[in-house]
There are 2 protein chains.
Amino acid sequence: MRADAARNRAKVLEAARELFAEQGFEVPLDEIATRAGVGPGTVYRHFPTKQALFQAVTEERVAAMIATAGEPSDDPGAALFAFLGRMADEAAVKRDLSDAITVPTELRKSMQAAIGSLLADAQAAGAVRADITAVDLIALMKGLMQSMQEGANPAVLLEIVLKGLQSSR
Amino acid sequence: MRADAARNRAKVLEAARELFAEQGFEVPLDEIATRAGVGPGTVYRHFPTKQALFQAVTEERVAAMIATAGEPSDDPGAALFAFLGRMADEAAVKRDLSDAITVPTELRKSMQAAIGSLLADAQAAGAVRADITAVDLIALMKGLMQSMQEGANPAVLLEIVLKGLQSSR
DNA sequence: TGCCAACCGGGGCGTGCGTTCCGTATCGTC
DNA sequence: GACGATACGGAACGCACGCCCCGGTTGGCA
């Protein structure tokens, strides 16, 4: 790869990181190109499609989150709640995480699998109500993350959801 | 108004009711016109803008909901929960209610005012946690209603949110 | 029945977006 | 320093959508 090509690729990635975080997947690709100081054509030389660029940007961050979820814990309920809390914290600041669950990529499935596994363990330990499925929880979290981007108080919303998830006894 | 004009207006309203309920505000206006068996121009003869048509469709339903919220109750907590439950029930079947909170119309403000008043009463009675604002609650409900349209179990999601709203003692 | 106003349909305009194309500039090698 | 491959930029394309316009049609009153 030529030196200028590598330079431009890095500039595009950085601009995309910033703008996807600020505005989510909806941000026009031309805007990313402008911020990177290149033309739209250059973006497409490095990434075949807008989704591929989005995936390249969110990949490592989401992969890191999933990795932490894989470690076994002696308190499965706390592990799930910590994971959801981490998701919420990220979503409160960056708009791209909630899209990462929806936009069809490889990561989306891994993310869903990770949440499903954490949920199953927490339910087996009796820490979370048994009548909720992974699909329900993911939908709930997506809604929660969208709510956070509308001027609501993220911490309170997270507390409400976590409290509601606890198994009622 | 001429007879055929009234007939077409009614056909447009019915098509809009169906399609807004199925697909939300995002549905293309041309699709509504097609379902109604008229041209797009005819829609605009009766409604100056797409939002006006949306408002005409959702107006009475939302107004009815707001009316029930206005009645004073001896159990403010139950009143709020019943109202939120009614919202959730509607949203579980029709996609337009969650948009009605967001699309800028007259109703949106009334809706927000009604929720705010119900919430204040419920908080004064100690039934709902004091650290949540009307903005938070509306954002939460919007996220909840969006979650319901993704294959999740509406009843469980509502239970979780309502439980989380209760004041922890 | 005849006439005019009201109304209709659908083609068309402007806009915004993802994506592609191609003439030009730049890099790295001989 | 020159040359070929590589990469660049931005104009242009295709599409979808909200909205408008106009030639033709239809309804209802005299």
Side-chain angles (χ1 to χ4, degrees), chain A residues 1-59 95-96 98-100 102-106 108, chain B residues 1-59 95-96 98-100 102-106 108:
Chain A
M1 179 144 74
R2 254 165 57 171
D4 56 345
R7 213 162 32 234
N8 276 327
R9 193 189 145 92
K11 284 197 292 182
V12 167
L13 272 174
E14 182 174 345
R17 232 188 308 271
E18 294 172 10
L19 285 170
F20 280 142
E22 286 170 20
Q23 306 182 36
F25 184 72
E26 300 301 318
V27 66
L29 195 128
D30 287 30
E31 202 170 321
I32 295 176
T34 302
R35 163 106 47 135
V38 303
T42 302
V43 177
Y44 280 93
R45 175 161 315 277
H46 294 291
F47 303 95
T49 184
K50 189 188 175 187
Q51 291 190 5
L53 174 60
F54 184 75
Q55 178 164 356
V57 163
T58 48
E59 197 155 39
R95 280 211 61 202
D96 52 356
S98 58
D99 289 336
T102 310
V103 175
T105 65
E106 292 303 310
R108 197 186 48 141
Chain B
M1 177 144 76
R2 256 167 56 169
D4 56 344
R7 212 164 32 237
N8 276 328
R9 192 189 145 92
K11 284 197 292 183
V12 167
L13 271 174
E14 181 173 345
R17 234 187 307 271
E18 293 172 12
L19 285 170
F20 280 143
E22 286 171 20
Q23 306 181 35
F25 184 72
E26 299 301 320
V27 67
L29 195 129
D30 287 28
E31 201 171 321
I32 295 176
T34 303
R35 164 106 47 133
V38 302
T42 303
V43 177
Y44 280 95
R45 176 163 316 279
H46 296 291
F47 303 95
T49 185
K50 188 187 177 187
Q51 293 190 4
L53 175 59
F54 184 75
Q55 178 165 355
V57 162
T58 49
E59 197 156 40
R95 280 211 62 202
D96 52 356
S98 58
D99 289 335
T102 310
V103 175
T105 65
E106 292 304 309
R108 197 187 46 143

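The figures that follow rest on heavy atoms only: side chains count, while hydrogens, waters and symmetry mates do not. Letters go in sequence order (proteins before strands), and every chain restarts at 1. Bear in mind the structure is a predicted one, so any value in this text is a computation, not a measurement.
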With nearest nucleotide decided by heavy atoms, which residue, A:Ala5 or B:Met1, maps closer to the 5′ end of DNA chain D?
A:Ala5

Please tell me which of the listed nucleotides, C:dT19, C:dC17, D:dC17, lies nearest to the side chain of A:Pro28?
C:dC17

When we call it a touch if two heavy atoms are under 4.0 Å apart, what does B:Ala33 touch: a base, just sugar-phosphate, or nothing?
nothing

Using the side chain to side chain contact (heavy atoms under 4.5 Å, CB included) rule, pick out the option among A:Leu53, A:Thr58, A:Asp99 that qualifies with A:Phe20.
A:Leu53

Atom-to-atom span, CZ of B:Arg45 to P of D:dC20 - whole angstrom:
12 Å

CZ (B:Phe47) and CG (B:Leu13) are apart, to the nearest 0.5 Å, by 4.0 Å

Test B:Glu106 against B:Glu59 for side chain to side chain contact (heavy atoms under 4.5 Å, CB included), laying out the working first.
CA-CA 9 Å; B:Glu106 292 304 309; B:Glu59 197 156 40; 6.0 Å; no

Please round to the nearest 0.5 Å and tell me the distance separating atom NZ of B:Lys11 and atom OG1 of B:Thr42.
9.0 Å

Gap between atoms NE2 and C1', on B:His46 and C:dC7 respectively (whole Å)
8 Å

Considering non-hydrogen atoms only, spot the tightest contact between A:Ser98 and A:Arg95 and give its length.
OG-O, 3.5 Å

Using the closest heavy atom to pick a nucleotide of DNA chain D for each, name whichever of B:Arg2 or B:Lys50 lands nearer the 5' end.
B:Lys50

Within a reach of under 6.0 Å around CD of B:Glu14, are more than 12 heavy atoms found that belong to other residues, nucleotides or ligands?
no

A:Phe47 CZ - C:dG18 C1' separation (whole Å)
16 Å

Whole-Å distance separating the CG atom of B:Leu53 from the P atom of D:dC17:
16 Å

Do the side-chain N or O atoms of A:Thr42 get closer than 4.0 angstrom to the phosphate oxygens (OP1, OP2) of D:dA7?
no

Here the distance between atom P of D:dC19 and atom OH of B:Tyr44, to the nearest Å, is 4 Å

Using whole Å, what does the distance between atom P of nucleotide C:dT19 and atom CD1 of A:Ile32 come to?
11 Å

Comparing B:Asp30 with B:Asp4, nearest DNA chain C nucleotide closer to 5' gives the residue B:Asp4

Any non-hydrogen side-chain atom of A:Glu31 less than 4.5 Å from a side-chain atom of A:Gln23?
yes

Name the one of A:Thr49, A:Val38, A:Asn8 that satisfies side chain to side chain contact (heavy atoms under 4.5 Å, CB included) with A:Val43?
A:Val38

Within the pair B:Thr49 and D:dG18, is there a side-chain N or O less than 4.0 Å away from OP1 or OP2?
no

For the residue pair B:Val27 and B:Lys50, what are the closest heavy atoms and their distance?
O-NZ, 3.0 Å

In residues 7-24 of chain A, what residues come within less than 4.0 Å of DNA chain C, judged by heavy atoms?
none

Give the rounded distance in Å between these two atoms: CD of B:Glu31 and P of D:dC19.
16 Å

Salt bridge check, A:Arg35 against A:Glu22: does any charged N sit closer than 4.0 Å to a carboxylate O?
yes

Among C:dT20, C:dG10, C:dG28, the one nearest any side-chain atom of A:Pro40 is C:dT20

Could you check whether B:Val27 gets within reach of a base, just the sugar-phosphate, or nothing at all, counting any heavy atom under 4.0 Å?
sugar-phosphate

Once you build an axis from the first five pairs and another from the last five of the helix from C:dT1-D:dA30 to C:dC30-D:dG1, how far apart in angle are they, to 10 degrees?
10°

